[in-house]
S.K.: 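Here you go, one structure.
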Amino acid sequence: MRGKLTVPMTSDAYPSQIAQYVRARWRALRQDTPLAADAERDTAVIESSAFEQLLSTAYQASLLHEETRPVTFRLLVGGPESLDPKAGPPSGLHRLVFDAPRAYDAHELRRLSPAAKYHRALIGVRRAANDSFEIWGVLHSGPRWLQQASGGRTQLTPDQLLIVRVTGPGRLAVTWGETTLAQVRGGRLLEASIDVCQSAWFAARFANVRAEVFSLFEAEQRAALVMGSRIPLDRELTRIITQQMLKRLVSVMRAAHHGGTVVLIPPNDAASLLAPDSPLRLKYRFADDEGRRRYRALMLASLRVISEGAASLQPRPDLVDWSVYQRCSSPAVAALDEAIFEMSHLIAALADVDGVVLMTQRFELLGFGGEITGQLSELQSVRRALDLEGTTRESESIDGVGTRHRSAYRLCAHLKQAIAIVVSQDGGARFIAWHEGETTYWDHDSADGADI
């Protein structure tokens with residue numbers, strides 16, 4: 001379900017193709033995952049002949065403009081009767097039902113889109129008696145869902161709702177709960193988004209660093225003679241916290257529309273890259289003190305306070321994992337979580353300066369404003385990964401990209417363990433690494449459109 005598949009299509013074939021694709025993925029999801037009884041309502045919608053009209057109308061609306069603004073919106077597909085009429089933000093949906101339904105067409109969606117702003121509201125649609133669709137009202141969600149979409153620990157009740165998202169001209173996604181069934185971007189029908197941070201290859205690059213953090217934490221606990229009184233920690237916790245920080249970093253860089261490059265290197269490579277003959281020349285270098293190692297200090301402090309705070313939870317957990325971290329209401333945990341995410345904003349701000357931000361895989365900040373010199377070997381092509389693990393790739397010339405991307409490709413070909421994150425001015429984000437003997441990139445994507 002995590003792979004990425006490109007399907008050639010024409011604009012005339014689009015509605016039937018994406019509808020068929022969603023149906024196939026929905027059937028597979030129902031076989032693989034026990035679904036609630038409410039899912040049968042969504043099955044009837046997805047399997048209906050009117051589903052193609054639902055998607056086609058949303059797609060046509062995406063090509064319109066409201067005055068000078070692109071049309072963006074989220075559609076909740078389902079009637080108001082399944083929603084709590086007393087609920088509302090920050091944790092629920094505030095439904096407002098029209099006294100008479102409106103026609104479901106592209107121009108009605110265009111007119112409603114300013115009132116149902118993408119980040120805070122949805123437009124409610126349902127099947128009508130004639131097997132078409134109608135607009136029944138609007139729903140206010142508030143922005144809390146974005147905290148998870150773009151990195152955060154806020155725990156929301158997972159509503160298993162069928163949503164159609166339009167994030168720009170020709171950009172449409174169909175989701176059910178947290179599962180992306182299909183999306184179309186740039187004329188390509190995509191199976192699912194690629195969140196590179198969730199890949200096994202990416203996690204493996206940081207395995208030694210995570211082990212170091214846990215070793216330091218456990219040594220602290222033994223020295224304080226408190227190991228036996230603390231709840232054990234899930235070793236995946238640091239990976240997920242860092243993953244959320246990186247999602248926030250990419251989201252903030254995208255929102256700036258400036259573009260930038262962040263390069264992560266193994267700690268053992270730091271000395272050579274800071275040397276005078278390095279292929280990367282840093283204009284602004286940070287002194288070797290605790291300031292540039294703040295992220296590791298914050299991570300150790302977080303492990304310390306969550307292991308203490310979890311003991312007061314009811315019921316008392318047997319293991320402190322991500323779900324425990326999310327629901328822990330300790331002010332100390334919340335303060336450290338905020339401090340970690342401030343690191344995302346700091347790194348993104350450094351990336352606004354022309355040049356590379358250089359960090360170790362411990363997220364130790366070495367400097368910024370880095371220039372990748374011309375002494376590295378030139379490349380003619382790179383590989384584009386078509387799935388999360390890069391098992392399927394296609395060759396691509398580098399002629400179509402700018403200096404920022406070409407420099408990152410060359411650096412990753414030279415430093416085989418480096419990872420570069422390159423964000424374009426238009427919001428595109430690529431993760432670049434030497435992978436299975438080739439310089440390879442992944443288009444890091446956010447199917448929920450949290451970055452628009």
Side-chain angles (χ1 to χ4, degrees), residues 2 147-158 178 195-250 264 266-268 290-344 346-347 359-365 388 419:
R2 288 180 174 176
Q147 296 179 34
Q148 286 183 317
S150 59
R153 78 180 185 103
T154 302
Q155 187 177 39
L156 305 180
T157 302
E178 296 182 351
D195 181 353
V196 179
C197 299
Q198 295 183 354
S199 67
W201 75 263
F202 188 81
R205 296 289 180 100
F206 296 85
N208 290 339
V209 172
R210 291 196 302 274
E212 287 176 2
V213 170
F214 265 93
S215 293
L216 290 170
F217 171 71
E218 289 172 350
E220 273 188 5
Q221 302 299 289
R222 285 193 296 270
L225 302 177
V226 294
M227 284 289 288
S229 63
R230 302 285 173 85
I231 301 174
L233 298 182
D234 181 0
R235 287 183 172 266
E236 287 292 285
L237 185 58
T238 57
R239 180 188 64 80
I240 299 174
I241 293 173
T242 299
Q243 174 183 307
Q244 296 297 311
M245 187 276 286
L246 284 172
K247 287 174 67 175
R248 176 67 58 87
L249 169 62
V250 173
L264 295 156
N268 292 339
E290 292 305 308
R292 74 181 198 182
R293 290 184 285 274
R294 177 170 169 76
Y295 185 81
R296 168 162 288 200
L298 290 173
M299 184 63 72
L300 283 168
S302 295
L303 297 182
R304 198 179 304 123
V305 298
I306 190 62
S307 66
E308 297 171 359
S312 63
L313 293 175
Q314 295 297 329
R316 193 176 191 269
D318 296 324
L319 182 73
V320 178
D321 58 10
W322 174 245
S323 65
V324 173
Y325 184 78
Q326 284 182 296
R327 65 189 179 93
C328 184
S329 59
S330 163
V333 172
L336 284 164
D337 186 68
E338 183 179 353
I340 286 172
F341 284 111
E342 279 303 313
M343 289 291 298
S344 301
L346 168 61
I347 299 165
M359 297 190 296
T360 72
Q361 290 168 354
R362 294 171 178 152
F363 294 91
E364 179 181 352
L365 279 165
L388 189 63
I419 298 172

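Note that the coordinates shown come from a computational prediction; the quantities given were computed from them, not determined experimentally.
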S.K.: If you compare all heavy atoms of Phe214 against all heavy atoms of Asp234, which two are closest, and at what distance to 0.1 Å?
M.R.: CZ-O, 3.4 Å
S.K.: Do Asp337 and Tyr325 have side-chain N/O donor and acceptor atoms under 3.5 Å apart?
M.R.: yes
S.K.: Look up atom CD in Gln221 and atom OG in Ser307, then write down how far apart they are to the nearest 0.5 Å.
M.R.: 5.0 Å
S.K.: Ignoring hydrogens, what is the shortest heavy-atom contact between Arg210 and Thr238? Give both atom names and the distance.
M.R.: CD-OG1, 3.6 Å
S.K.: Would you please name every residue forming a side-chain hydrogen bond (donor to acceptor under 3.5 Å, both in side chains) with Ser344, sequence neighbours left out?
M.R.: none
S.K.: On a heavy-atom basis, which atom in Ile306 and which in Val320 lie closest, and how many Å separate them?
M.R.: CG1-CG1, 3.5 Å
S.K.: Got a second to check how far Arg292's CZ is from Thr360's OG1, nearest 0.5 Å?
M.R.: 8.5 Å
S.K.: Rounded to the nearest 0.5 Å, what separation is found between the CG atom of Leu298 and the CZ atom of Phe363?
M.R.: 12.5 Å
S.K.: Nearest 0.5 angstrom please: Ile231 CD1 to Leu319 CG, how far?
M.R.: 9.0 Å
S.K.: Heavy atoms, side chains only, cut-off 4.5 Å: are Met359 and Tyr295 in contact?
M.R.: no
S.K.: Can you tell me how far CG of Leu303 sits from CD of Glu220, rounded to the nearest 0.5 angstrom?
M.R.: 9.0 Å
S.K.: Ignoring hydrogens and geometry, is there a side-chain-to-backbone donor-acceptor pair from Thr242 to Arg239 under 3.5 Å?
M.R.: no
S.K.: Could you pull out the closest heavy-atom pair between Pro317 and Ala310, with the gap in Å?
M.R.: CD-O, 3.5 Å
S.K.: Can you see which heavy atom on Ile340 is nearest to which on Ser302, and at what distance?
M.R.: CD1-OG, 3.6 Å
S.K.: Ignoring hydrogens and angles, state whether a donor on the side chain of Gln244 or Arg248 is under 3.5 Å from an acceptor on the partner side chain.
M.R.: no
S.K.: Evaluate the side-chain proximity of Glu364 to Arg296: yes if any heavy-atom separation is below 4.5 Å, no if none is.
M.R.: no
S.K.: With Val213 as reference, evaluate Arg235, Met299, Glu218 under the side-chain contact (heavy atoms from CB on, under 4.5 Å) test and give the passing residue.
M.R.: Met299
S.K.: Taking all non-hydrogen atoms of both residues, which atom of Ile347 and which atom of Met245 are closest, and how far apart?
M.R.: CD1-SD, 4.5 Å
S.K.: Would you check, one step at a time, whether the test side chain to side chain contact (heavy atoms under 4.5 Å, CB included) holds for Arg294 with Leu365?
M.R.: CA-CA 9 Å; Arg294 177 170 169 76; Leu365 279 165; over 6 Å; no
S.K.: Are there over 12 heavy-atom neighbours, none belonging to Glu212, within less than 6.0 Å of that residue's CD?
M.R.: yes
S.K.: Do Ile241 and Trp322 make a side-chain contact, defined as non-hydrogen atoms from C-beta onward lying under 4.5 Å apart?
M.R.: yes
S.K.: By ring pair (Phe, Tyr, Trp, His ring centres under 6.0 Å), which residues pair with Phe202, not counting sequence neighbours?
M.R.: Phe206, Phe431
S.K.: Once side chain to side chain contact (heavy atoms under 4.5 Å, CB included) is applied, do any residues pair with Ala297, and if so which ones, sequence neighbours excluded?
M.R.: none
S.K.: Measuring from Lys247:NZ to Gln198:CD, what's the distance to the nearest 0.5 Å?
M.R.: 6.5 Å
